[in-house]
Amino acid sequence: MAASNVLTSENIELLEKLRTENMFLMEENRKLSETVDWMHDTIWRLVRTQHPEN
């Protein structure tokens, strides 16, 4: 079966949906990464406050 190099309107619509979803997921990943960084910093700040070095 030969592959077709023709982009149909259905394929273009699907590609646009995938592109939009990909952008959404990349933004969500960025937000989650920032949250994890914030949580990590907050936990270590609390640990240092509760257990100061001698």
Just list the side-chain donor-acceptor pairs under 3.5 Å for residues 31-38, sequence neighbours left out, or say none.
from, atom 1, to, atom 2, distance (Å)
Glu34, OE1, Arg30, NH1, 3.2
Glu34, OE2, Arg30, NH1, 2.5
Thr35, OG1, Lys31, O, 3.0

From Asp41 atom CG to Leu46 atom CG, the distance as rounded to the nearest 0.5 Å: 11.0 Å
Return yes when atom CD of Glu10 has more than 12 non-hydrogen atoms of other residues, nucleotides or ligands closer than 6.0 Å, and no otherwise. no
Measuring from Ile43:CD1 to Arg48:CZ, what's the distance to the nearest 0.5 Å? 11.5 Å
Derivation of the salt bridge (charged side-chain N to carboxylate O under 4.0 Å, His left out) call for Glu13 and Lys17: CA-CA 6 Å; Glu13 184 178 328; Lys17 285 180 182 179; 3.5 Å; yes
Leu7 versus Leu15, closest heavy-atom pair with distance: CD2-CD1, 4.1 Å
